[in-house]
Amino acid sequence: MLKLMPQMRQTRSIATGGERKRDDPDESLGKFGTPGRYISAMSQAEIRNFCIVAHIDHGKSTLADRLIETTGTVEKRQMREQVLDTMDLERERGITIKLNAVRMKYRTLDGRDFILNLIDTPGHVDFTYEVSRSLAACEGAVLVVDATQGVQAQTLSNLFLAMDAGLEIIPVLNKIDLPGAEPERRAQEIMDLIGARREEILSVSAKEGTGVAELLEAIVARIPPPTGEPDAPLRALVFDSYYDRYRGGIPSIRVVDGEIRRGTMIVFGSHPEDEYEVDEVGYLQLGQQRAEVLRTGEVGYIVASLRNVRDCRVGDTVLDADHRNVPHLPGYREIHSLVFAGVYPTATDQYELLRDALEKLVMNDASLHYEPESSTALGFGFRCGFLGLLHMEIVQERLERESNLDLITTVPTVEYHVHLTDGSQMVVENPSNLPEPGRIARIDEPYVKARIMAPADYIGPIMALGQERRGVYLGMEYIDTTRVEFEWELPLGEILLDFYDRLKSLSRGYASLDYEMADYRTSSLVKLDMLINGDQVDAFSVIIHRDKSYAWGRKVAEKLKELIPRQLFQVVIQAAIGSKIIARETVSALRKDVLAKCYGGDVTRKRKLLEKQKEGKRRMKQVGSVEIPQEAFLAVLKVD
Amino acid sequence: MRIYIHVPFCARRCSYCDFAIAVRRHTPSAAYLQAIHTEWLLRKDLPRWREGGAIQSVYFGGGTPSRLATDALATILALLSSDHRLAPECEVTLEANPDDVTRDRASAWFHMGINRVSLGIQSFEPRVLEWMHRTHTPDQVAPAVETLRSTGFDNLSFDLIYGVPGSRARDWESDLDRALDLDPQHLSLYALTIESHTPLARWRARGEVVSAPQEDAAMQFLVANQRMVAAGFEHYEVSNAAKPGFRASHNSGYWKGDPFLGLGPSAHSSWQDRAVGDGAPYGGGKRHRAWNRREWEAYRLAVAQGRDPLEGVETLTAAETLLEDRYLGLRTDAGVPSRLIPAENWAAWEREGWAECTDERVRLTLEGWLRLDALVAQL
């Protein structure tokens, strides 16, 4: 699953300028750009807002770099040295700031000046909603397709989002310099896909810089300028936000109507009762460049003493406090978690640290939800809600890395709708909270609609995988003679664990996956518990389809037998559905655990081994009288 | 004080051996003597040894000390006794391979003051010995014992190894009987441990050897105890049993926390400050450890160049000292003072039949000894 990692937030990081003295206006004049006053004076007709839609590794970042370089926004030398240096600095301080929009100044071949705002979009399936908000801030999208690999599932879903948003699409074939490039075949794919004409498709090599000038011209010529009413009351779309530890939540906005400047009193559409005074507006270049005003069609940031990113959620509308009753921009929605898991510190004395780390993290990640929970096996921890598996892994990794924690994550689960015999309904996202089977009338589970794209060679294995995961096959289409696109409906719970890994490995890395929530359907689900010497270990409980429960229980029991070391007493491992035992394994008691000889140097060696053994015991979880190593909790995540 | 002298040379490496040894066809006795002499000069006047009282025991361990030239051994003993007082009852042990015992050597050993020989017998089964890479054959054992006895040795110890992987069919009871028939004063029984970096570990990694099941080793341990006790032995430490009056003085020193000076490559030394009152369980001062470089050549070179061959030194914390005292004390039939073990622990051990406790002492039973590591790790 970790392999998905780089797809998250394909952003480059730059300094926040967070430590800059706030009352020094001279500092706000860009070091490399032009004073904000000049740029802001440009009219709406000379603005182009666009994003780049691309699959990971298809060259989005390189192309963005090339655009920034070619427009002279940041010189090549500065990009290398400045951008990278600042990144390292940020990394050392333990925070990463996203460059979520960059403003470029561009003079066309015929001598006209334009402002180009390149708005970044998160690149992964977990962040579809956020992608849609970024797209809503643009009028155009550059579709980048790798001339060697063609369109991938992820590109496709973002492309469809862009088309739905009514953006002007500029298709670009990248990596045309590579020996494996098949520009004509890929161009045909694009033409079929979006109905483009061949001459509309540009060819570039972001690496070499070829074709970039033509692309810039096309951006100006083909993407329409922002519409919007400069004289209407302020409406601005929040399309991203991050947390600066000195200045609080900082939303990135696209001004749709009116203007915003320092001193403007604003409210957010989702909580219009809270007023904020804008302390600063500006735009992003290399760092934040303070500006006097952001006008209709412009893209930038605002600082307004927002305590955290929850105050400035993606998709929300920024309004003038004096005109807060104007219609909000469409599309805002509360973010719901799809995947839930318990997160526990390995050492119980790290609970407070974990709580502080989560508090810190949600400042920067409005999509993470958590609440305290306790487990008999794992002690005190938190139930966390994530947008998806990737999000979950990112959160765990950030918690561990940034706060130096050692964590155990329980088996991720989805949100089940449980209908009780008394007619009531409850939502269960922790298997431990599932009522007695006798009280349950039925359980509904979430389904997703999944799109899988892969070379036709792997149709068989992918069909088999879909079946195995209780998928409903909707259809398959040939994208060209060698590649197919599948549509499946799959229970979300079935793709939580290793679906993507399996898909990747059975297709030698060629298949790509994308999914979106579909609906809830009734399934034959049971709760499966693991008992260790008769004690139920809640961290191992899962809600699982009845047909799969036996195999799962057997495998987990076998795995635990492998991982639980022999102890002073026999350890009985059982899998149970309700009171019915479906699998049993035994770890026999220790019969001999003593060093044969102990003289001279052995004494020191033995002491060190015992100390290590004691240290190891501290890292184990005690359930009743049984010590369970941490790996056992992780192993359950890898049962196939 | 006690002195351990490590003689690293072997004709070949035994399959289970991870000791600091140097495989040499011809033992470089002269170079070895010179190195030990130099190290002794470096150490002997340190206050901790000068004031350590008479030498209670000397132990030549290996490697294969029986392959060292007898005059080198004699010179080392002479050096020790000329610079330091040997206690009148001083136990002087030599580890010997049965095939190294000749009449001349035995006589030389006896006359230079060695009064205890520990014979590395390991097994009486040819296939097992071969598999272990031992240099001797079973029929060399009885003559070696006879030679030592007739020379005047009345304190012989035998080493035997049990818990050998099951693919080597072996009759452990018959091995025990054959050892007891030779009427030793002392027996050391070692469960085979597959240490990393041994030929055995490589065999196991290749799947050619599977460790003996814990149950088998435990059974063999219990059987051995029965036989030895029936033959009049006291099983006085996890791996050691002796006829009354023949407990190994030197090794007992390790379990009691006595100070010892180690000479030779990889040898460890241990001593304790006189100071009282820093929390050490016996009211002693801080305990220290030092150890020499492991490789013979590195050790020899350091000494030859006038450098200290020490590789490391450490001072134990109170917790580390306590851990050692518990672990070592519980290995012996004397056990440890009850105050070293929390009452709820020893009470639970007693319930399971792993310990016998009085107000004063906690002693492990045979079943307790089998689980010693896990019990100590509980504390």
Side-chain angles (χ1 to χ4, degrees), chain A residues 346-349 532-535 560-573 585-632, chain B residues 4 6 19-20 59 61 159 161-163 188-193 213-219 221 237-240 250-251 253-255 257 260 262 266-270 289 291 294 312 314 316 319-321 323-324 326-328 331 352 354 367 369-379:
Chain A
T346 309
T348 43
D349 57 6
I532 305 284
N533 277 2
D535 293 329
L560 291 179
K561 181 186 172 157
E562 258 170 53
L563 290 169
I564 296 178
R566 290 172 77 152
Q567 322 211 347
L568 284 163
F569 301 92
Q570 171 181 276
V571 179
V572 177
I573 302 159
E585 295 283 346
T586 310
V587 180
S588 0
L590 261 183
R591 274 302 276 141
K592 196 192 146 293
D593 184 23
V594 59
L595 186 71
K597 63 179 194 62
C598 203
Y599 315 117
D602 303 329
V603 176
T604 309
R605 203 168 345 128
K606 186 64 204 176
R607 169 169 44 80
K608 289 182 173 160
L609 281 173
L610 278 169
E611 279 163 0
K612 230 163 118 187
Q613 197 176 334
K614 286 184 152 207
E615 185 50 43
K617 279 167 82 80
R618 258 192 287 280
R619 289 168 53 87
M620 291 210 218
K621 288 289 176 185
Q622 185 100 20
V623 174
S625 60
V626 182
E627 281 153 351
I628 303 179
Q630 200 186 340
E631 306 87 74
Chain B
Y4 174 78
H6 189 74
F19 303 158
Y59 195 103
D159 284 359
I161 294 183
Y162 66 98
S188 295
L189 309 181
Y190 301 127
L192 184 74
T193 324
Q214 289 186 2
E215 282 73 11
D216 291 3
M219 280 315 294
F221 173 82
E237 194 261 357
V238 171
S239 316
N240 289 281
H250 185 85
N251 288 343
Y254 293 129
W255 307 319
F260 54 90
S266 86
H268 280 58
S269 299
S270 176
R289 283 288 144 68
W291 55 94
R294 197 178 148 86
E314 69 173 343
L316 276 62
E320 289 167 340
T321 307
L323 177 64
E324 278 193 356
R326 282 167 166 169
Y327 182 76
L328 295 173
R331 286 185 72 92
E352 297 297 332
W354 297 335
E367 288 291 338
W369 272 349
L370 280 170
R371 297 168 171 82
L372 175 59
D373 287 5
L375 296 181
V376 172
Q378 262 188 347
L379 301 173

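All chains are named by letter (A, B, ...) in the order of the sequence lines, taking the proteins before the strands, and each is independently numbered beginning at 1.
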Notebook entry, point to check: What is the minimum heavy-atom distance between A/A596 and B/A191, and which atoms define it?
Noted result: CB-O, 3.4 Å
Next item on the list: Count the heavy-atom pairs under 4.5 Å between each of A/R607, A/E611, A/K597 and chain B, then report the option with the highest count.
Entry: A/R607
Item checked: Structural part of B/Q378 lying under 4.5 Å from a heavy atom of chain A -> both
Notebook entry, point to check: Are any of the side-chain heavy atoms of B/E352 and A/L568 separated by less than 4.5 Å?
Noted result: no
Margin query: Quick check for you: to the nearest 0.5 Å, what is the distance between B/L316 atom CG and A/T604 atom OG1?
Written below: 7.0 Å
Item checked: Pairwise side-chain contact, B/R371 with A/K592, heavy-atom cut-off 4.5 Å (strictly under) -> no
Check: When heavy-atom pairs shorter than 4.5 Å are enumerated against chain A, which of B/F19, B/F221, B/W291 gives the highest number?
Finding: B/F19
Item checked: Minimum heavy-atom distance B/A377-A/Q613, with the two atoms named -> CB-NE2, 3.7 Å
Checklist line | Min side-chain heavy-atom separation A/C598-B/R331 under 4.5 Å | finding: yes
Item checked: Engaged part of B/W369 at the chain A interface, taking heavy atoms whose separation is under 4.5 Å -> backbone
Note to self: Testing the basics here: between A/K614 and B/V376, what is the closest heavy-atom pair and its distance to 0.1 Å?
What the structure shows: CE-O, 3.5 Å
Item checked: Winner by heavy-atom pair count (cut-off under 4.5 Å) against chain A, out of B/E320, B/H6, B/M219 -> B/E320
Checklist line | Derivation of the side-chain contact (heavy atoms from CB on, under 4.5 Å) call for A/L610 and B/E324 | finding: CA-CA 10 Å; A/L610 278 169; B/E324 278 193 356; over 6 Å; no
Check: Parallel, tilted or perpendicular for A/Y599 and B/Y190, by the 30°/60° rule?
Finding: perpendicular
Margin query: Need one label for B/S188: side chain, backbone, both or neither, based on atoms under 4.5 Å from any heavy atom in chain A.
Written below: side chain
Note to self: At a 4.5 Å cut-off on heavy atoms, which part of A/L609 comes close to chain B: side chain, backbone, both, or neither?
What the structure shows: neither
Item checked: Smallest separation among heavy atoms of A/L595 and B/Y327, with atom names -> CB-OH, 3.5 Å
Next item on the list: For the pair B/H268 and A/V603, evaluate side-chain contact (heavy atoms from CB on, under 4.5 Å) and give the outcome as yes or no after the intermediate values.
Entry: CA-CA 9 Å; B/H268 280 58; A/V603 176; over 6 Å; no
Next item on the list: Between chain A and each of B/I161, B/T193, B/L379, count heavy-atom pairs under 4.5 Å; write down the option with the most.
Entry: B/L379
Item checked: A/K612, A/R566, A/K606 screened by salt bridge (charged side-chain N to carboxylate O under 4.0 Å, His left out) with B/D373, the one that passes -> A/K606
Notebook entry, point to check: Of the non-hydrogen atoms in A/R591 and B/Q214, which two are nearest, and what is the gap between them?
Noted result: N-OE1, 2.9 Å
Next item on the list: Measure distances from B/S270 to the heavy atoms of chain A and classify the residue's part below 4.5 Å as side chain, backbone, both or neither.
Entry: neither
Notebook entry, point to check: What part of B/L192 gets closer than 4.5 Å to chain A, counting heavy atoms only: side chain, backbone, both or neither?
Noted result: neither
Note to self: Out of B/Y59, B/F260, B/Y4, B/W354, return the one with the most heavy atom pairs under 4.5 angstrom to chain A.
What the structure shows: B/W354
